[in-house]
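Computed from a predicted structure; not experimentally measured. Heads up: numbering here begins at 1 and tracks the sequence.
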Amino acid sequence: RNEIANFRDCKSIAIMGGTFDPIHHGHLVTAEAVRYRFKVDKVVFMPAGQPAHKTNKKVTHNEHRYLMTVLATMRNENFEVSRIEIDRAGVTYTIDTIEELKRMCRPDVRLYFITGADAIHQIMTWKESERLLGMCDFVAVTRPGYDKSKLFQDIGEIREKFSSRVHYMEVPALAISSSDIRERAKRGAPIKYLLPQEVEDYIHKFGLYQDDAEDEVKFM
Ligand code: ATP
Ligand code: MG
């Protein structure tokens, strides 16, 4: 496979999944906070693949999102980016991703899966959630505006149902979102300081987020 996997020898890895359309400082601050708190050797960013079926949410081309993630993580020696999901055709399930990642690692690797508070209550509905929870710890991170009592209720429920391998972590409140950045870029408002300069340069270079029919053409 076309994967450098510069994390094969790590004893512990945190996986930061996301669409990263585009990646921003909220993602990076979160990843660094988790790395420090759980003392993981590396955080592996995992840009999500293209939805196989036509959904109403349009996502920028895989390769753009992958490259922006590489640019954004370049200055952190503990950050890596994986192609596992973007190179896989069809719908991606977290369990398949974790299994594939695990095959590249030491057999005794400890895995943490970072997920936003907004996704935690869905975990139980994921494919093979019980087996998934057995394979890795989950780290639920808050983001501004999320109702914490709801989060604690969800975590309690998961802990009760499965083993208690769901952690909660508060990260510095960065009210940054990719959708807001896309919307700003579209109307020509500044996006500077919301994301790394290299990512801003990339967005301008390829004219991303300018119109709705955008980048489909660029990789033909
Ligand atoms: P969109 O606005 O398109 O939904 P997003 O900013 O939420 O994008 P995603 O790629 O969907 O970015 O997020 C990946 C993960 O990062 C999710 O688990 C999400 O909860 C988390 N995350 C996103 N923004 C922040 C932030 N500002 N602070 C902390 N966590 C965040
Ligand atoms: Mg989101």
Can you measure from CE (Met68) to NE2 (His24) and round to the nearest 0.5 angstrom? 11.5 Å
Flag the pair Arg75 and Glu198 as a salt bridge only when some basic side-chain nitrogen lies within less than 4.0 angstrom of an acidic carboxylate oxygen. yes
Do the side chains of Glu63 and Arg83 get close enough for a salt bridge, i.e. N-O under 4.0 angstrom? yes
Any idea how His64 and Tyr202 line up, ring-wise: parallel (<30°), tilted (30 to 60°), or perpendicular (>60°)? perpendicular
Does a side-chain N-to-carboxylate-O contact under 4.0 Å join Asp96 and Lys127? yes
Between His27 and Phe45, is the ring centre distance below 6.0 Å? no
Thr115 vs Val139 side-chain heavy atoms within contact, under 4.5 Å: no
Is it the case that over 12 heavy atoms from other parts of the model lie below 6.0 angstrom from the CZ atom of Phe38? yes
Applying a strict under-4.5 Å side-chain criterion to I, L, V, M, F, W and Y, I'd like to know whether Phe152 and Val166 cluster together. yes
Between Arg103 and Glu99, is there a salt bridge with N-O shorter than 4.0 Å? no
Determine, for Glu32 against Arg35, whether the closest basic-nitrogen to carboxylate-oxygen distance falls under 4.0 angstrom. yes
Output yes when Arg110 and Asp137 qualify as a salt bridge under the 4.0 Å nitrogen-oxygen rule, no when they do not. yes
Using side-chain heavy atoms (C-beta onward) and a distance below 4.5 Å, is Leu132 in contact with Thr94? yes
Salt bridge check, Arg184 against Asp180: does any charged N sit closer than 4.0 Å to a carboxylate O? yes
Of Gln197, His204, Lys205, the one forming a side chain to side chain donor-acceptor pair (under 3.5 Å) with Asp201 is Gln197
Between Leu208 and Pro22, is there a side-chain heavy-atom distance shorter than 4.5 Å? no
Hey, is NZ on Lys11 packed in by over 12 heavy atoms from elsewhere, all under 6.0 Å? no
Does the side-chain contact (heavy atoms from CB on, under 4.5 Å) test come out yes or no for Ile203 and Leu195, once each step is laid out? CA-CA 11 Å; Ile203 290 169; Leu195 33 56; 3.8 Å; yes
